[in-house]
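Positions are given from 1, in the same order as the sequence printed here.
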Amino acid sequence: MTKTMIYIVEDEQSIRELLIYALQNSGYMARGFGDGRELFAALHTEKASAILLDIMLPEEDGLSILKKIRSTPGIKDIPVLLVTAKSSEIDKIVGLDSGADDYITKPFSMMELSARIKAILRRVKREEEPAFEKLHIGEILIDPAEHTAYVSGKPVNLTLKEYELLYFLMQNSGLVFSRDKLLQKIWGYDFDGETRTVDVHIRSLRQKLAASATHLQTIRGIGYRFNNDIE
Ligand code: CA
């Protein structure tokens, strides 16, 4: 069985080497690059299963590299885990709709990194599985075959996580889920202090769903639910 190849873009050599070492210890193959140029050169010869991409890089930054990845045929579907230096950047990044599959904030533990990598790789596997039936509640329609949500017949431009969050809540409409539970279900991990990620995505989803956002209810002190009893 061939091992899964993870590419790492990180300009600080000591961190880069540590990450390579840690991922290899977790059973992956890993290669490190100091900048986007090196990364793209490598991607031309060998495709990676996932990319761990630092945002703060001396020349071209991670967000710009990610944009290029997402617009390059052949590599645009590779899952990308963005590395940020500040948790305050997450709102901004999510708002930009950067195309990242997930975000991790420095400093992070190797256990956390490994869990996130596993989660984004699982996502790819899930997408290769056959599509499910359409889901229609109120004026919101989810078409899993197209991976698209519609409101009143018009497609809504959702990020991957927003889509998955909405789909999950609709599939389980009427049920209340805690932020921890949603993190576990949608992001595939469960770490203290990361529940704000859920709030950020719910907020963004509400904006995009406009009038239909009334379905997404905050249950004080507990979490969220999709309510289908709304007129
Ligand atoms: Ca850096």
Completion exercise
Rounding to 0.5 Å, atoms CG (Asp11) and CG (Asp61) come to a distance of 11.5 Å
Problem - More than 12 heavy atoms from other groups under 6.0 Å of CE on Met5 - result: yes
Handout entry: Nearest-0.5 Å distance that lies between atom CG in Leu165 and atom CH2 in Trp187
Key = 5.0 Å
Exercise for the section: Indicate if Ile142 and Leu169 have the same hydrophobic cluster label, given that clusters are the connected sets of ILVMFWY residues with side-chain heavy-atom separations under 4.5 angstrom. Expected result: yes
Practice task
Could you tell me whether the side chains of Glu139 and His215 share a donor-acceptor contact shorter than 3.5 Å?
Solution key: yes
Fill in the blank from the handout: Those residues at least two apart in sequence (or on a different chain) that pass salt bridge (charged side-chain N to carboxylate O under 4.0 Å, His left out) with Asp101 are Arg70, Arg123
Handout entry: Minimum heavy-atom distance Lys134-Asp143, with the two atoms named
Key = CE-OD2, 3.4 Å
Fill in the blank from the handout: In this structure, CZ of Phe168 is separated from CG of Leu175 (nearest 0.5 Å) by 8.0 Å
Practice task
Verify side-chain contact (heavy atoms from CB on, under 4.5 Å) between Ile51 and Ile65, making sure each step is shown before the conclusion.
Solution key: CA-CA 11 Å; Ile51 301 170; Ile65 293 171; over 6 Å; no
Practice task
Report, as yes or no, whether the 6.0 Å neighbourhood of atom OH on Tyr21 holds more than 12 heavy atoms from other residues, nucleotides or ligands.
Solution key: no
Practice task
Find out if a path of hydrophobic residues (ILVMFWY) with successive side-chain heavy-atom gaps under 4.5 Å connects Met56 to Ile69.
Solution key: no
Problem - Expected output: side-chain Glu112 to main-chain Phe108 donor-acceptor under 3.5 Å - result: no
Practice task
State whether the number of non-hydrogen atoms from other residues, nucleotides or ligands found under 6.0 Å of Lys208 atom NZ is greater than 12.
Solution key: yes
Practice task
Applying side-chain contact (heavy atoms from CB on, under 4.5 Å), run through Leu166 and Val156 and close with a yes or a no.
Solution key: CA-CA 12 Å; Leu166 179 63; Val156 186; over 6 Å; no
Handout entry: side-chain contact (heavy atoms from CB on, under 4.5 Å) evaluation trace for Asp35 with Glu60
Key = CA-CA 7 Å; Asp35 58 35; Glu60 186 173 23; over 6 Å; no
Exercise for the section: Please report the C-alpha distance between Leu121 and Tyr28 in whole Å, then the side-chain angles of each, then the deciding distance to 0.1 Å, and finally whether the side-chain contact (heavy atoms from CB on, under 4.5 Å) criterion is met. Expected result: CA-CA 12 Å; Leu121 291 172; Tyr28 299 107; 3.7 Å; yes
Practice task
Kindly give the heavy-atom pair with the smallest separation between Ile104 and Arg116, and that separation in Å.
Solution key: CA-NH1, 3.9 Å
Practice task
Look at the side-chain heavy atoms of Ile, Leu, Val, Met, Phe, Trp and Tyr, link any pair under 4.5 Å apart, and say whether Leu52 and Ile15 land in one connected group.
Solution key: yes
Exercise for the section: For residues Leu66 and Gly99, report the shortest heavy-atom separation together with the two atoms involved. Expected result: CD2-C, 3.9 Å
Exercise for the section: Check the surroundings of atom NZ in Lys76: do more than 12 heavy atoms from other residues, nucleotides or ligands lie under 6.0 Å from it? Expected result: no
Problem - Flag if over 12 foreign heavy atoms under 6.0 Å of CD, Gln13 - result: no
Exercise for the section: Any chance you could measure Leu141, atom CG, to Ser152, atom OG, to the nearest 0.5 Å? Expected result: 10.5 Å
Handout entry: Ionic contact status for Asp54 with Arg16, cut-off 4.0 Å
Key = no
Problem - Closest non-hydrogen atom pair, Tyr224 against Thr218 - result: CE2-OG1, 3.4 Å
Exercise for the section: Work out which heavy atom in Leu216 is nearest to a heavy atom in Arg206; give both atom names and the distance. Expected result: O-NH2, 2.8 Å
Practice task
Using modelled atom types only, decide if a donor and an acceptor are shared between the side chain of Lys161 and the backbone of Ile186 within a distance under 3.5 Å.
Solution key: yes
Completion exercise
Closest non-hydrogen contact found for Ile20 with Ala30 is CG2-O, 3.9 Å
Practice task
Would you kindly confirm whether Tyr150 and Leu135 end up in one hydrophobic cluster when ILVMFWY residues are joined by side chain heavy atoms under 4.5 Å apart?
Solution key: no
